[in-house]
Amino acid sequence: MAATRSIELRTSVPGPRSQEILARKREAVAVPLGAIFPIVAAEGHGATLTDVDGNTFIDFTGGVGCLNVGHSHPRVVAAAREQLERFSHTDYTIVPYEPYVELAERLVQRTPIAGPKKAAFFNAGTEAVENAVKFARAYTKRPAVIAFEGGFHGRTLLSLSLTSKTHPYKAGLGPFAPEVYRVPFAQDYRGPDVRTALAALERTLVTQVAAETVAAIVIEPVQGEGGFVVAPPEFMSGVRRVCDDNGIVLVVDEVQTGFGRTGKLFAIEHYDVEPDLITVAKSIAAGLPLSGVLGRAEIMDAPGLNAVGGTYVGNPVAQAAAIAVLEVIDDEGLLERAAAIGETMRTRMLEWQARFAEIGDVRGLGAMLAIELVHDRESKDPAPELVAAVCDEALRDGLLLMSAGIYSNVIRVLVPLTIVDGELDEALEVWERALERVLSA
Ligand code: PLP
């Protein structure tokens, strides 16, 4: 399949209009709200994003994994518009509405957990995580939570306490929430292996926190911000076993992995493990703010009446969009498409790894794929400056690529799953040229 010509650059990047708005941003917007790309968005369609200078890029960031169905999918736009024209807000806990109930019905029906299930909706991923812990605490009547090294669960107090990257997320922002304990995450590339990681978890229950005081273990099936580290199957099963042995609620955080990214609706479906609760957000509503907790009814029903909620929880416009997202995923076969995109990219990435000494690892699940750059394959010394240089070269040629990883030395792909083959080819060619310019063959 020949590459398309979706990328169109009319000015150098960044163009003058973007620069002008970014100069205003510097004056009016707080410094911590940085921007990875020096361009300003004007409109997005499918897998492309056009900036205010009329430059069109292929977007491999998908708004950090929010756009599995692509930018401005017509069915999502129509559903959101129709709801917006009817009403945009009541506060669900004051006057409820049908889109909330319908989305709950559709999602619990597809949640990979046996028995009665329920849903609750919020706004951001961080709220889903915080509330999942509330459900688990109310159900178990225990305080503690265990999370993993390299994990990312959000930026509000409890979720930031669960998050495991000091710079830029945590440094200087403590004190953090109490009763959070951290253990290693098993991984193939940098270790520890499954046995060592599970032994550390078991030891933590002896040395740091009594098992009977642990409400939940919170885990990502594929660590997103942590660098697309895929939990080995035996690790996930081992964590489930520790939960079962000790009456601990297993919370699987699918905020980044969910809604088809890995080739299944939920990444945990790749494992022989049933979670108790699943947190969702990002691609659930194609970029409109919506998150949720899905899980066992007895856990979801545990907090007292009105013990969870919030003014904006489960916005009806976002929920109408989410119902359309589910329909698009099914009608356009996006789960199969994610697997196919993953195959194409993995093949290409492995070719790159054979060519370029600095590509230490190629990993991921379905279309959630990444390459890790190192100075030396033996020492695995992280190479974040090479990642920055590759992303920079790609940007100048019209491809939006972004980093991940505790050392920021991973380039990850969160491309819309609606990307057509020609565009995917075009993007991979740009990426390859960027690698050729920066890395040593
Ligand atoms: N959990 C995971 C796995 C995430 O990747 C993220 C965000 O990247 C969050 C939680 C937090 O979501 P939000 O940024 O919507 O609060």
Side-chain angles (χ1 to χ4, degrees), residues 32-36 61-68 120-136 145-165 168-170 173 177 180 182 185 187 216-231 236 239 250-262 266-268 275 277-295 310 312-315 318 321-322 325 364-370 402-406 408 410 412-414:
L33 283 301
I36 290 189
T61 75
V64 197
C66 293
L67 294 162
N68 290 357
F121 296 104
F122 306 96
N123 302 290
T126 190
E127 277 175 86
V129 171
E130 300 244 352
N131 280 288
V133 172
K134 274 194 193 173
F135 289 120
V145 187
I146 295 178
F148 293 88
E149 275 176 19
F152 185 95
H153 301 289
R155 295 159 173 265
T156 49
L157 182 61
L158 177 57
S159 68
L160 184 59
S161 307
L162 297 172
T163 285
S164 168
K165 187 172 176 180
Y169 304 127
K170 300 183 78 157
L173 298 180
V180 169
R182 192 171 314 287
F185 190 86
Q187 63 163 301
I217 297 182
V218 183
I219 186 168
E220 295 160 88
V222 183
Q223 290 191 328
E225 303 304 301
F228 284 24
V229 181
V230 183
M236 194 59 91
V239 171
L250 178 60
V251 179
V252 169
D253 184 347
E254 295 251 16
V255 166
Q256 196 157 150
T257 51
F259 293 90
R261 172 59 40 197
T262 68
F266 301 104
I268 196 66
L277 300 178
I278 297 177
T279 53
V280 290
K282 289 195 185 277
S283 272
I284 185 176
L288 285 145
L290 184 68
S291 66
V293 183
L294 313 168
Y312 293 113
V313 293
N315 175 268
V325 164
L365 210 50
M368 189 169 184
L369 281 180
M402 72 181 288
S403 67
I406 52 170
S408 307
V410 174
R412 59 173 148 177
V413 180
L414 289 166

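Values below: every heavy atom of this structure, side chains too, minus hydrogens, waters and symmetry copies. Order of listing sets the numbers, starting from 1, for every ligand and every atom in it.
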**Item:** Check: S408/S403 side-chain N/O donor and acceptor closer than 3.5 Å
**Value:** no
Looking only at atom types and distance, does a side-chain atom of [X] sit under 3.5 Å from a main-chain N or O of [Y], one as donor and one as acceptor?
X	Y	result
K282	G63	no
R412	M368	no
E254	I278	no

For ligand 1, list every N/O pair with the protein closer than 3.5 Å, one pair per line with the distance.
from, atom 1, to, atom 2, distance (Å)
ligand 1, 1 (N), F152, O, 3.4
ligand 1, 1 (N), D253, OD1, 3.3
ligand 1, 1 (N), D253, OD2, 2.7
ligand 1, 5 (O), Q256, NE2, 2.9
ligand 1, 8 (O), K282, NZ, 3.1
ligand 1, 15 (O), G125, N, 2.8
ligand 1, 16 (O), G125, N, 3.4
ligand 1, 16 (O), T126, N, 2.8

**Message:** Parallel, tilted or perpendicular: which one describes the rings of F135 and F122, with boundaries at 30° and 60°?
**Reply:** tilted
**Prompt:** Does E127 pair with K134 as a salt bridge, N-O distance under 4.0 Å?
**Reply:** no
